[in-house]
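See below for the structure under consideration.
Given the structure is predicted, the values throughout are model-derived calculations rather than measurements.
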Amino acid sequence: MKLHEIRDNEGASRKKKRVARGPGSGKGKTAGRGIKGQTSRSGVALNGYEGGQMPLYRRLPKRGFSKPNRLDFAVVNLGQLQAFIDAGKLDAKADVTEDVLVASGVIRRKLDGVRVLAKGELTAALNLTVAGASQAAVEAIEKVGGKITVTRVAKEEAAAE
């Protein structure tokens, strides 16, 4: 086999269909769109229409809902906090608030508040003030001698009081 003998397999490539280019093309005059009506015009998109068959979006069941007043927290893991302390971007001795976390680059923005989760290892004793924290994160911070203040009270705790 030589370089000039190389070519695609049979049927691997097809010529582009050129519609509305005369009767000899087989797709002349109406260009395969039939006569008159909505779909013969340009700019038509009948998405989801399956020729009268029950469309897929109606055959599938509805699931769940989106809570309109849902709170969106910026999430911080204990491992992230430790990494920033090790890098010298966070001062473990000073009080760590949500604004300090944004300023140091741990999170980009506060959203509805910052929530601390227990993923990773924390060795420094921190004095944290955040909107929320998981139970495991609170225990991990207190275990290393730190203190955490949660400003937003959880619904279960509020109901118990």
Side-chain angles (χ1 to χ4, degrees), residues 1-84 89 96-122 128-141 148-161:
M1 180 177 279
K2 296 184 177 75
L3 199 60
H4 70 276
E5 294 173 344
I6 296 174
R7 59 191 178 96
D8 267 341
N9 292 332
E10 200 61 48
S13 61
R14 282 180 150 180
K15 280 194 139 185
K16 185 174 178 282
K17 186 189 289 180
R18 296 184 69 225
V19 295
R21 291 293 178 272
S25 69
K27 285 277 182 250
K29 194 182 166 217
T30 53
R33 287 173 171 261
I35 336 154
K36 290 196 203 174
Q38 185 180 10
T39 49
S40 72
R41 320 275 191 238
S42 67
V44 172
L46 298 174
N47 284 344
Y49 186 70
E50 299 182 19
Q53 172 178 302
M54 186 63 70
L56 183 68
Y57 71 91
R58 287 187 59 198
R59 285 191 304 242
L60 298 175
K62 291 200 251 180
R63 287 263 317 165
F65 72 103
S66 294
K67 192 175 176 183
N69 55 352
R70 176 179 164 262
L71 295 176
D72 195 15
F73 290 108
V75 175
V76 176
N77 289 311
L78 294 179
Q80 284 175 290
L81 291 174
Q82 188 59 51
F84 273 78
K89 294 178 182 175
V96 179
T97 62
E98 293 177 348
D99 295 321
V100 172
L101 292 174
V102 172
S104 64
V106 179
I107 54 173
R108 201 171 285 163
R109 59 187 75 83
K110 288 191 284 189
L111 303 173
D112 290 324
V114 177
R115 185 166 160 81
V116 179
L117 301 181
K119 187 177 180 184
E121 197 69 36
L122 184 71
L128 263 174
T129 306
V130 287
S134 68
Q135 193 66 48
V138 172
E139 289 167 7
I141 291 167
I148 184 162
T149 310
V150 179
T151 55
R152 188 177 305 254
V153 180
K155 284 182 183 172
E156 300 88 40
E157 293 172 25
E161 290 174 2

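- By the side-chain hydrogen bond (donor to acceptor under 3.5 Å, both in side chains) test, Glu5 is found to be paired with no residue, residues two or more places apart in sequence or in another chain being considered.
- With a 6.0 Å radius and a threshold of 12 heavy atoms from other residues, nucleotides or ligands, Leu56 has its CG atom above the threshold.
- A search for side-chain hydrogen bond (donor to acceptor under 3.5 Å, both in side chains) contacts involving Lys110 returns Asp99, not counting sequence neighbours.
- Within 6.0 Å of CD on Glu50 lie more than 12 heavy atoms contributed by other residues, nucleotides or ligands.
- Of the inter-residue distances, the one linking Leu78 atom CG with Leu122 atom CG reads 5.5 Å to the nearest 0.5 angstrom.
- Although no hydrogens or angles enter the test, the distance criterion places no donor-acceptor pair under 3.5 Å between the side chain of Asp112 and the main chain of Phe73.
- Across all non-hydrogen atoms, the minimal contact from Ser25 to Gly28 is OG-N, 3.5 Å.
- Atom CZ in Arg59 sits 5.0 Å away from atom CD in Gln53 (nearest 0.5 Å).
- Scanning both residues, Ile148 and Ala133, for their nearest heavy atoms gives CD1-CB, 3.7 Å.
- Of all heavy-atom pairs between Ala118 and Ser134, the closest is N-OG, 3.8 Å.
- When every heavy atom of Asp8 is checked against every heavy atom of Ala12, the shortest pair comes out as CB-CB, 4.0 Å.
- With Val76 as the fixed residue, the side chain to side chain contact (heavy atoms under 4.5 Å, CB included) test singles out one of Leu117, Leu128, Val114: Val114.
- Remark: Lys29 NZ to Ile35 CD1 distance equals 6.5 Å, nearest 0.5 Å.
- Taking every heavy atom of both residues into account, Ala131 and Thr151 meet most closely at CA-OG1, 3.2 Å.
- Scanning for side-chain hydrogen bond (donor to acceptor under 3.5 Å, both in side chains) contacts around Gln80 gives an empty result, with sequence neighbours left out.
- In this structure, the side chains of Thr39 and Arg33 stay at 4.5 Å or more apart for every pair of heavy atoms.
- Within the 4.5 Å cutoff, side-chain heavy atoms of Leu81 are placed close to those of Leu101.
- Scanning both residues, Val150 and Gly132, for their nearest heavy atoms gives CG1-CA, 3.7 Å.
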